[in-house]
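Read the structure below first, then the notes.
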Amino acid sequence: MIHTFVFCCLCCCSLVGVFGDTDTMKSVMEGDSVTLQINVTKILTDDLIMWKYGTKKTLLVKINRATNEISIKDGVLDGRFRDRLKLDNQTGSLTITDTTTTDSGLYEVTISGNTETEIIFNVTVYARLPIPVIISDSPQNSSSSSSSCSLVCSVVNVGHVTLSWYKGNSVLSSISVSDLSISLSLPLEIECLDDSYSCVVAYSFINQTTHLNNTQPCQPCPDCVFCCHVPEAVTRLAISAVVGVASAFIIVYDIISRKVEQER
């Protein structure tokens, strides 16, 4: 009885040391690689490891150490994974390269030997975020003295994103979508233009931002000190300084000339 208890304890310690904790939730941007790490320090001589994908559990990889068989079936599912599955022969971990949104889903690995372990990874591949586009929604024949300016921020072919208008760090309005490959538009009406407004499209971990600037078809705020670009402001200041110095020189020269003339 004591021998049995000691044997069970050794088995449990061995399992903890070999498998350890795993990160089973994976998020990756389209085109990047993702590694599904099973934390096996070394495949044992009698281990059988099988990687399966999706709800139908389509076999992708099989490692049979007893027969020295390593099989990568990247031609399944109409060749979706062709030449993109990379296997670590020492640990059994699987890497998917050049990911696409169709790679999202459940990946199941089973390790069979003296014991059997099953790990399920949930992989989500996000499409690259587009840059938001800001256009004017004001009537073409509106007066330049209009007290407000209507704008629309748009993004196309997006899914699972949030589109928001910001003023500084404060959210003015926002819209979210959980569907795939749709277009989003979000209007905004402002009294006048300054560079504190921005439109942001975001996933939970990354975003793209477009800032309002003085090229937008809106009247700048009278007290907006940032409406002019810095190079333009510096240029104007330099020109003013040169004109001032030249004027002072002309005045001094005129006074000296008159004094010399009077002395003669």
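Not measured: the values here are computed from a predicted model. FYI, side chains are in, hydrogens and waters are out, and symmetry mates aren't considered; it's all heavy atoms of this structure.
Atom OH of Tyr53 and atom CG of Leu106 lie 8.5 Å apart (nearest 0.5 Å). Within the model, atoms CD1 of Ile135 and OG of Ser150 stand 11.5 Å from one another, a figure rounded to the nearest 0.5 Å. Distance check, rounded to the nearest 0.5 Å: OH of Tyr126 to OG1 of Thr101 gives 12.0 Å. Distance check, rounded to the nearest 0.5 Å: CG of Asp23 to CD of Gln37 gives 10.5 Å.
For the pair Ile63/Asp47, no side-chain contact is recorded, criterion being any heavy-atom separation below 4.5 Å from C-beta on. The side-chain heavy atoms of Ile182 and Val177, taken from C-beta on, include a pair separated by under 4.5 Å. Between Thr110 and Thr117, the closest side-chain pair of non-hydrogen atoms is not below 4.5 Å. Taking 4.5 Å as the limit, every side-chain heavy atom of Leu60 sits out of range of all side-chain heavy atoms of Ile72. Side chains of Ile70 and Asn89 form a contact here, defined as non-hydrogen atoms less than 4.5 Å apart. Side-chain atoms of Ile206 and Met29, non-hydrogen and from C-beta on, do get closer than 4.5 Å to each other. The closest side-chain heavy-atom distance from Val28 to Thr124 is not below 4.5 Å. Side-chain contact check for Lys26 versus Leu36: some heavy-atom pair is nearer than 4.5 Å.
There is a path of hydrophobic side-chain contacts, each under 4.5 Å, that joins Phe205 to Val158. Under the 4.5 Å side-chain contact rule for hydrophobic residues, Leu186 and Tyr197 share a cluster. Both Leu85 and Val76 sit in one connected hydrophobic cluster of ILVMFWY residues. Membership requires side-chain heavy atoms under 4.5 Å apart, directly or through other members. Residues Leu94 and Val109 share a single hydrophobic cluster, defined by chaining ILVMFWY side chains whose heavy atoms lie under 4.5 Å apart.
When the side-chain hydrogen bond (donor to acceptor under 3.5 Å, both in side chains) test is applied to Ser198, no partner is found at least two apart in sequence or on another chain. Residues passing the side chain to side chain contact (heavy atoms under 4.5 Å, CB included) test with Asp103, sequence neighbours excluded: Arg80, Phe81, Arg84, Ile96, Thr99, Thr100, Tyr107, Val125. Residues passing the salt bridge (Lys or Arg N to Asp or Glu O under 4.0 Å) test with Lys52, sequence neighbours excluded: none. With sequence neighbours left out, Ser33 forms a side-chain hydrogen bond (donor to acceptor under 3.5 Å, both in side chains) with no residue at all. Residues meeting the salt bridge (Lys or Arg N to Asp or Glu O under 4.0 Å) test with Lys73, sequence neighbours left out: none. For Lys86, the salt bridge (Lys or Arg N to Asp or Glu O under 4.0 Å) criterion is met by no residue, not counting sequence neighbours. Checked against side-chain hydrogen bond (donor to acceptor under 3.5 Å, both in side chains), Glu108 has the following partners two or more places apart in sequence or in another chain: Lys57. For the salt bridge (Lys or Arg N to Asp or Glu O under 4.0 Å) test, no residue two or more places apart in sequence or in another chain qualifies with Glu30. Every residue two or more places apart in sequence or in another chain was checked for a side-chain hydrogen bond (donor to acceptor under 3.5 Å, both in side chains) with Ser27, and none qualifies.
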Checklist entry - Yes or no on side-chain contact (heavy atoms from CB on, under 4.5 Å) for Leu188 and Leu172, after CA distance, side-chain angles and deciding distance? => result CA-CA 9 Å; Leu188 177 70; Leu172 299 177; 4.0 Å; yes

Item to check | Candidate pair Thr35 and Asp88, rule side-chain contact (heavy atoms from CB on, under 4.5 Å), full reasoning | outcome: CA-CA 10 Å; Thr35 297; Asp88 187 324; over 6 Å; no

Next on the checklist: If you apply the rule side-chain contact (heavy atoms from CB on, under 4.5 Å), what do you find for Leu151 with Leu212, and how did you get there?
Outcome noted: CA-CA 10 Å; Leu151 301 169; Leu212 278 176; 3.7 Å; yes

Checklist entry - Would Ile175 and Leu184 count as a side-chain contact (heavy atoms from CB on, under 4.5 Å) if you check the C-alpha gap in whole Å, the side-chain angles of each, and the deciding distance to 0.1 Å? => result CA-CA 8 Å; Ile175 184 173; Leu184 281 181; 4.3 Å; yes

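In terms of modelled atom types and a separation under 3.5 Å, the side chain of Trp51 and the main chain of Gly92 share a donor-acceptor contact. The backbone N or O of Met25 lies less than 3.5 Å from no partner atom in the side chain of Asn122, so there is not a single donor-acceptor pair.
Applying the under-4.5 Å side-chain rule to Ile, Leu, Val, Met, Phe, Trp and Tyr, the cluster around Val200 extends to Tyr166, Val171.
Across all their heavy atoms, Arg82 and Gly75 have their closest contact at NH2-CA, 3.8 Å. Residues Val201 and Pro132 come closest through the heavy atom pair CG1-CG, 3.7 Å. Across all their heavy atoms, His160 and Tyr203 have their closest contact at O-CD2, 3.3 Å. Minimum heavy-atom separation, Leu129 to Asn207: CD1-CA, 3.7 Å. Nearest heavy-atom pair, Pro187 versus Ser173, reported as atom, atom and distance to 0.1 Å: O-OG, 4.2 Å. Heavy-atom minimum distance, Asp83 versus Thr97: O-OG1, 4.2 Å.
For Asp78, the CG atom is loosely surrounded, since the number of other residues' heavy atoms within 6.0 Å does not exceed 12.
Checking Ser185 against Ser154 by side-chain atom types alone, a donor-acceptor pair falls below 3.5 Å. Counting only N and O atoms by type, the side chains of Thr91 and Ser93 include a donor and acceptor under 3.5 Å apart.
Within the structure, salt bridge (Lys or Arg N to Asp or Glu O under 4.0 Å) contacts touching residues 112-136 (residues at least two apart or in different chains) are Asp32-Arg128. For residues 154-164, no residue pair satisfies the salt bridge (Lys or Arg N to Asp or Glu O under 4.0 Å) rule, not counting sequence neighbours.
Not less than 2.5 angstrom separates the SG atom of Cys149 from that of Cys192.
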